[in-house]
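Notes for the one structure printed next.
Because the structure is predicted, anything quoted here is derived from the model rather than measured. Note that ligands are numbered from 1 as they come in the structure, with each ligand's atoms numbered from 1 the same way.
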Amino acid sequence: MQDPLQERLRRIPAVDQMLLQPCALRWMARTSRGFVVSEIQKLLQETREALRLDDARAVRAVDPEALDAALEERFTARLQPALRPVINATGVILHTNLGRAPLSPAARDRLSSVSGQYTNLEYDLESGDRSHRDRLLEPLIAAILGCESSVVVNNNAAAVFLVLNTLAAGREVIVSRGELIEIGGSFRLPDILARSGAILREVGTTNKTRIQDFENAITPQTALLFRAHPSNYRIRGFTQRPELSELVSLAHSRQLPLVEDIGSGCLMDLGRFGLREEPIAGESLQTGADLISFSCDKLLGGPQAGIIAGAARFVSAIRRNPLMRVCRVEKLVYGALEATLQSYRTGRAFEEIPVLRMISLTAQEIQTRSRRFARKLGAKAPEGTTVTSVKGESVIGGGSFPDCGLPTTVLAVACARSSPNEIEERLRAQDPPIVARLEENRTLIDLRTVLPEQEDDLLRGLLGALT
Ligand SMILES: *Cc1c(COP(=O)(O)O)cnc(C)c1O
């Protein structure tokens, strides 16, 4: 008697036969024979294993046409990039898990022009001599911040590390106990400080630190006074923290530098949007901080990078640190960062930089946009779907403004047939994936963080997830 398993295994086509199928031919033209052959071999092997396990789907799928269709799916999945654009419908403007700041059109154009061609990254076009990449943006940063000198590094963590390693290795750094920050789980100031070779000298208490605490801690071992912005938390109630100006006076009266980690790279006053308490880079320098450091992909709205800015003698010492090489950034970052900073220089930051545009959208503007979108969605959504506009709050995120929400209108989307969790999950499975907010058992869409050009994709994705 014929063994049915052996019979089915025999029906599986050979690789050569599969290579003549339309999908295989198409992908061979787009990729290479070797790639297509190896994927076919894997598919056939998986089919054999499935048959042995008596998987019902495999039983049907052994003819060349069915296998060719499976191959199409397989290639599409294989070539799906690991890093993909997503629609951020969470209302969290600087979502670290979603890559923080989306770049401005100008920054994107610059990226594309400097990426596929040679550039003058370290070449002086006037003299024809070698130059230094870390001089490229110095004039622009000086014009915006009013600083003597600056250097661009990989991120703010690298900036803090380099400053401490250069100016304080083997000596003491005085920091308030209220400012021993942890940002995003992996940036812990005491750990970075220890690795830099500096010695932490904590002063004051969690809630109260006075200028006298700093003063009493200064010894011949002191290298600098350090101030960190508590980006992602606030200490409320019975609190005290020295003013930056007091720290500057104290440091300078003892011939010590005052270094401030300002965090988010806030270059402009955002007070009119209800966002206060974030140190503004130029103001810190004007008040007398000798060096400041900040991220470029948070409020600044640029690519991942860190900037150290301030007094030339300290910046040149940092440039000479061999670890500078470890922290340097590449041409793509210089290109995108320069284009972003130019928006500040030309006074067009609020119009051109997506993060600042999102922050400056008024509650009224969001409401109008949400209602229009809700009507479009309502008109096409399947039976049993409800879309309601509700008042909510968007947040800055990325460790900025921990207790400031921006008033917004969110769309609560519900469907008689699916739970909010199911809808949220199906939204993530769309192409492009949509990341929504789940709150009080509702799926919420906040259009503040959806770029206007993504609205069609959002509508399509929502309809896909609801049907
Ligand atoms: C975000 C932040 C950091 C870390 O910056 P990265 O650019 O993410 O490395 C350090 N210090 C403060 C105060 C911050 O807000």
For E138, is there an ion pair with R319 - N to carboxylate O distance below 4.0 angstrom?
yes

Mark yes or no for whether D290, through its side chain, and L258, through its backbone, hold a donor-acceptor pair below 3.5 Å.
yes

Ligand 1 contact on S231 by region, counting heavy-atom pairs under 4.0 Å:
side chain

Does K298 approach ligand 1 within less than 4.0 angstrom via side chain, backbone, both or neither, non-hydrogen atoms only?
side chain

Below a 4.0 angstrom heavy-atom separation, can you tell me which part of I181, side chain or backbone, both or neither, approaches ligand 1?
side chain

Ionic contact status for E39 with K42, cut-off 4.0 Å
yes

Could you walk me through whether S295 and R100 pass the side chain to side chain contact (heavy atoms under 4.5 Å, CB included) check?
CA-CA 11 Å; S295 302; R100 292 193 183 160; 4.3 Å; yes

Whether R369 side chain and L447 backbone form a donor-acceptor pair below 3.5 Å
yes

Against the six-membered ring of F350, is R272 placed for a cation-pi contact (under 6.0 Å from the centre, within 45° of the normal)?
yes

For ligand 1, indicate whether the residue R100 contacts it via side chain, backbone, both or neither (heavy-atom separation under 4.0 Å).
side chain

If we set the cut-off at 4.0 Å for heavy atoms, which region of N156 has an atom near ligand 1: side chain, backbone, both, or neither?
both

Would you say the side chains of H229 and E278 form a donor-acceptor pair under 3.5 Å?
yes

Nearest protein heavy atom with distance in Å, relative to atom 9 (O) of ligand 1:
A157 N, 2.9 Å

Just to confirm my output: which protein heavy-atom neighbour is closest to atom 7 (O) of ligand 1, and how far is it?
S295 OG, 2.7 Å

Determine, considering heavy atoms only, which of L94, T96, D261 sits nearest to atom 11 (N) of ligand 1.
D261

Subset of ligand 1 atoms that lie under 4.0 Å from at least one heavy atom of H229
13 (C)

